[in-house]
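Below is one structure, written out as structure tokens; comments come after it.
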2 protein chains.
Amino acid sequence: MTDVARRDATRPSTLHDVAALVGVSPRTVSRVVNDQGGFSEATRVRVMDAVNELRYRPNVMARGLITRRTNTVAFIAPVLNDPFFPEVADSVQTAAAACELTLFLAMSKGDVDVEHDVLLRLNAHAPDGVIIYPAGGGSEHLLSHLDQGMRMVLIDTEVDHPNAVSVVSNLRGGAGLAVERLVQRGCKKLAMIASTKSGPTLHRRESGFLDALPAGMERIVQAIDPTVEGGYAMASSLIEQHPDIDGIFAYNDVVAIGAIQALQASGRSVPGDVAIVGCDDIEMGSVVTPALTTIRIDRERLGNLAVRALVALVEDKPVDSPSVLDVELVVRESG
Amino acid sequence: MTDVARRDATRPSTLHDVAALVGVSPRTVSRVVNDQGGFSEATRVRVMDAVNELRYRPNVMARGLITRRTNTVAFIAPVLNDPFFPEVADSVQTAAAACELTLFLAMSKGDVDVEHDVLLRLNAHAPDGVIIYPAGGGSEHLLSHLDQGMRMVLIDTEVDHPNAVSVVSNLRGGAGLAVERLVQRGCKKLAMIASTKSGPTLHRRESGFLDALPAGMERIVQAIDPTVEGGYAMASSLIEQHPDIDGIFAYNDVVAIGAIQALQASGRSVPGDVAIVGCDDIEMGSVVTPALTTIRIDRERLGNLAVRALVALVEDKPVDSPSVLDVELVVRESG
DNA sequence: TTGAAAGCGCTAACAA
DNA sequence: TTGTTAGCGCTTTCAA
């Protein structure tokens, strides 16, 4: 008795322990635990009682060694200090938990090499799949992982590979909405603060912006690191180069907030002198002054779509890729 | 050849594959890979070449089955939509990665039952340890996991158990700093907006506030859900009950931001009519208007301390618990 | 409806 | 310096 109690404290009980307690073979316990059928109701009850008594939990590693499934999913964001990504992480984690999937979290810093390393390390843990915001700038390394059998859901990026599916937001349309709004407001000279960090995403926002620009309007697009500081610096430089800019579309809300600060610091009013529209709709956007007008990406839906797509991919079920997520304009004060 | 290539695509190569290629036993490869010594330099080179050629990566599950270490750590935050927690997660993830540890992420919603479930599920993956912001309100369930051998680093919570260590911020002192600042400003009637969600943490901030209150000053402390909305609601109700309140210490920055909005909505100026000091120093605090005066918790250090403590705990090395993290007053505009 | 045997990929004892 | 044997906890043939 004492012995059992002591062992209990050190080593979790195993299938064998349960089997021994019930007086059946491990195989039978396994059948019950995995609900594979082929056992009597009486056996089921006795086994489950023992499972509860011994607090038995299957060892995922032993199981994974055989089934090649670990019930884990990795989420890789470029950074966590842009509030948008934690908000997505939150929704991915919630959706994953609903599917009994445990989440690995990693960051790429928006750097391809870091991303590659992260993927390598993650790969050792054999996640069933990976949900990733790829760092911009090339996807050869992604292909190499895909070739080795890793399943991936790529957000806002499209890669043609049987092991990859994409979930993309209609950012091109969103950029159009932003331009439309600014023009409607009466802006005569628009600029876009783009990002140096994101490949395809950037291009979608950027081309959406350019395409929506009224004919004859100057095409001003400049890229920076997508941070508050980056937005601040770029807005400063932009109004110095083009003092008559009266509307800005920012790569994302964080950049927009930096831009607002820069404009205010230079004595301009937002949206009076310069109107600004951001992108993402992070929570912070509604508590800054002026509150941010922005393009909303529904992270709730995004996370759900991504997890659902991943599960389908892992189970070799048909998935339509890319799934496209609609975005909407949220009008507040800044633009 | 074709066969090998095909297998390569489906199944990662194993220790055996490497051993076969080199012409040694698996054990030798294992020794080299784990750098355990007991092999010649020539062997090492040949093995490593084969490792690279076959892109061999050890299977963590098979290894973990024997060593009982998985090189994973779980981080459990109550929520992710308060920016403070992602900022901590970021630093924990970075510190963990530096120790070759992969991070699981989970959320408790500040709910003891959810927390228990999360721990149960996580436990199946046998993380080497768990870093957790415990949901307030009882730690019996934590003890049950600790008793079963789970190692934990508890943030801002103290539990007396050989498998637990704590990392706590000096929030009691921080609250003192906040009161001191408000009194220095000339505030005559202070209130604290506390949290219903956090047990010991709450108490530390709360008792720190109360203890620092000048003799004779009314003791007003009311608790809400620590969100922007919560802060808004409580500030509204507080100034209705006590219209002469001229200083508020908020449980955290998110609450402080909500409070500022409520005060401004009621026509009061911050800090003119009511000064506000928050806690945490989230990034958002510096971009709202007025910029937040707050008590800074250094998440960088926090994450490092937590991971370091965990590693020591896991390796059965001595750790001093609790490690205490100093906090500092950051004066901006709100208070 | 149940069980015995094999083996997933790896490391730990113990030889040699 | 190297190899052999065993077994971590589980699931999967296959047989009873």
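Proteins come first, then strands; the chains are lettered A, B, ... in the order of their sequence lines, and each starts at number 1.
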Going by atom types only, do B/Arg63 and B/Asn34 share a side-chain donor-acceptor pair under 3.5 Å? yes
Sorted by position of nearest nucleotide on DNA chain D, 5' first, the leading residue of A/Pro58 and A/Arg31 is A/Pro58
Can you check whether B/Asn71's main-chain N or O pairs, donor with acceptor, with B/Asp128's side chain at less than 3.5 Å? yes
Nucleotide of C/dG9, C/dA4, D/dT11 approaching A/Arg27 most closely (side-chain heavy atoms): C/dA4
Respond yes when some side-chain nitrogen or oxygen of B/Arg68 is under 4.0 Å from OP1 or OP2 of D/dG9, and no when none is. yes
Quick one: is D/dC8 close enough that its OP1 or OP2 comes under 4.0 Å of any side-chain N or O from B/Arg63? no
Nearest whole Å is fine: how far is D/dG9 C1' from A/Tyr56 OH? 7 Å
Just say parallel, tilted or perpendicular for the rings of A/His125 and A/Phe104, cut-offs at 30° and 60°. tilted
Going by distance alone, is a donor N or O of one side chain under 3.5 Å from an acceptor N or O of the other, for B/Asp113 and B/His141? no
Among C/dA12, D/dT12, D/dT2, which nucleotide has an atom closest to any side-chain atom of A/Thr67? D/dT12
Separation of C/dA5 P from A/His16 NE2 (nearest whole Å): 12 Å
Tell me which residues in residues 19-26 of chain B lie within less than 4.0 Å of DNA chain D, going by non-hydrogen atoms. B/Val24, B/Ser25
Pairwise side-chain contact, A/Val73 with A/Pro127, heavy-atom cut-off 4.5 Å (strictly under): no
Atom CG of B/Asn34 to atom P of C/dC10: distance rounded to whole Å? 10 Å
Can you tell me if the side-chain N/O atoms of B/Thr43 get under 4.0 Å from OP1 or OP2 in D/dT2? yes
So, the side chain of A/Asp90 versus the backbone of B/Val79: is there a donor-acceptor pair under 3.5 Å, distance only? no
Atom-to-atom span, CE of B/Met61 to C1' of C/dC8 - whole angstrom: 9 Å
Presence of A/Ser40 side-chain N/O under 4.0 Å of C/dT1 phosphate oxygens OP1/OP2: no
Out of C/dC8, C/dC10, D/dC10, which nucleotide sits closest to the side chain of B/Leu15? C/dC10
Report the distance from atom CG of B/Asp17 to atom P of C/dC8, rounded to the nearest whole Å. 11 Å
Of the listed nucleotides (C/dT2, D/dG9, C/dA13), which one gets closest to any side-chain atom of A/Phe39? C/dT2
Hey, are B/Arg151 and B/Asp316 close enough for a salt bridge, meaning a charged N less than 4.0 Å from a carboxylate O? yes
Roughly, in whole Å, what's the span from CD1 in B/Ile66 to C1' in C/dA13? 12 Å
Contact under 4.0 Å: B/Thr28 side-chain N or O vs D/dG3 OP1/OP2: yes
Taking 4.0 Å as the cut-off, does a side-chain nitrogen or oxygen of B/Asn59 come that near to OP1 or OP2 on C/dC8? no
Rounded to whole Å, please give me the gap between CD in A/Gln36 and P in D/dT11. 7 Å
Test applied, side-chain contact (heavy atoms from CB on, under 4.5 Å); reference residue, B/Val29; option that passes from B/Val47, B/Leu21, B/Thr43: B/Val47
Closest of D/dG3, C/dC8, D/dC10 to the A/Leu65 side chain is C/dC8
